[in-house]
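Structure, as structure tokens:
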Amino acid sequence: MQSYTIGQAARLLGVSPDTARRWADAGKVATHRDESGRRLIDGRDLAAFSIEVGQGPGGEDDDASYTSARNAFPGIVTAVKLGDVAAQVEIQAGPHRLVSLLTREAVEELGLEVGMQATARVKSTSVHIDRV
């Protein structure tokens with residue numbers, strides 16, 4: 001399972017690294033240390049926490065602007081639902097929850113799973129998923 005540094009988690013959650021660090025210090029999201037002493041957050045834990053952050057009331061970074069370059073929303077995969085032919089992928093990108101319907105084959109080719117980093121690209125009413 002992929003793990004994320006505090007800085008990477010902050011970027012995916014749309015907050016400052018200081019805010020992500022304070023959340024970790026307060027025990028809101030579990031961390032562990034790697035061999036070099038950096039604090040890391042497991043992808044599944046970050047995915048679950050990102051859903052909480054996206055659903056909860058805004059915090060101290062409410063005035064931060066959320067923009068996308070060419071409609072790209074980097075985030076973390078929070079759900080993958082596979083059908084026989086189709087699939088549904090949910091991404092939490094800061095406070096934004098994006099859902100894409102695509103083929104099961106595309107999900108399998110990209111190797112998408114909960115906790116991994118991905119980018120949702122939006123054009124009109126269509127959402128495309130790029131694996132990072």
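All values below were derived from every heavy atom in this structure, side-chain atoms included, with hydrogens, water molecules and symmetry-related copies excluded. Values in this document were obtained by computation on a predicted structure and should not be read as measured data.
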#### Entry: Minimum heavy-atom distance between Ala87 and Val107, given as atom pair plus value
CB-CG2, 3.6 Å
## Note on the structure
Heavy-atom nearest pair, Val114 first then Ala47, reads CG1-CB, 3.9 Å
### Query
Does the distance from a Lys or Arg side-chain N to an Asp or Glu carboxylate O, for Asp25 and Arg22, drop under 4.0 Å?
no
### Query
Can you find a heavy atom in the side chain of Val99 that is under 4.5 Å from one in the side chain of Val89?
no
### Query
Are Leu82 and Val77 connected in a single hydrophobic cluster, I mean Ile/Leu/Val/Met/Phe/Trp/Tyr linked by side-chain heavy atoms less than 4.5 Å apart?
yes
### Query
Are any side-chain N or O atoms of Arg104 and backbone N or O atoms of Gly83, one a donor and one an acceptor, separated by less than 3.5 Å?
yes
### Query
What is the minimum heavy-atom distance between Thr119 and Ala72, and which atoms define it?
CG2-CB, 3.8 Å
### Query
How would you list, by chain and number, every residue that makes a side chain to side chain donor-acceptor pair (under 3.5 Å) with Ser100, sequence neighbours excluded?
none
### Message
Let me check something: do Leu112 and Val122 share a hydrophobic cluster, defined by ILVMFWY side-chain heavy atoms less than 4.5 Å apart, either directly or through other members?
### Response
yes
### Message
Other residues, nucleotides and ligands only: do more than 12 of their heavy atoms fall within 6.0 Å of CZ on Arg11?
### Response
yes
### Message
Is there a continuous path of hydrophobic side-chain contacts, each under 4.5 Å between heavy atoms, that joins Ile91 to Leu110?
### Response
yes
### Query
How many angstroms lie between atom CZ of Arg44 and atom CD1 of Ile76, to the nearest 0.5 angstrom?
10.0 Å
### CD on Glu90 to OG1 on Thr78, rounded to 0.5 Å
5.0 Å
### Task
Ignoring hydrogens and angles, tell me if any N or O in the side chain of Tyr4 forms a donor-acceptor pair with the backbone of Gly115 under 3.5 Å.
yes
### Which atom of Leu98 lies closest to which atom of Ala120, heavy atoms considered
CD1-CB, 4.1 Å
### Message
Measuring from atom CD1 of Ile6 to atom OG1 of Thr31, what distance do you get when rounded to the nearest 0.5 angstrom?
### Response
6.0 Å
### Message
Please tell me whether Phe49 and Leu40 are part of a single hydrophobic cluster in this structure, the criterion being side-chain heavy atoms less than 4.5 Å apart.
### Response
no
### Between CD on residue Gln2 and CD on residue Gln8, distance to nearest 0.5 Å
7.0 Å
### Query
Roughly how far apart are Arg131 CZ and Glu109 CD, rounded to 0.5 Å?
12.0 Å
## Note on the structure
Heavy-atom nearest pair, Ala9 first then Ile41, reads CB-CD1, 3.8 Å
### Message
Within a 6.0 Å radius of atom CD on Glu105, are there more than 12 heavy atoms belonging to other residues, nucleotides or ligands?
### Response
no
### Summary
Smallest heavy-atom separation, Ala30 atom then Asp45 atom, equals CB-OD2, 4.1 Å
### Message
I'd like to know if Ile129 and Val80 are part of one continuous hydrophobic network [Ile/Leu/Val/Met/Phe/Trp/Tyr, side-chain heavy atoms within less than 4.5 Å].
### Response
yes
### Message
Within the 4.5 Å heavy-atom criterion, are Arg21 and Asp18 side-chain neighbours or not?
### Response
yes
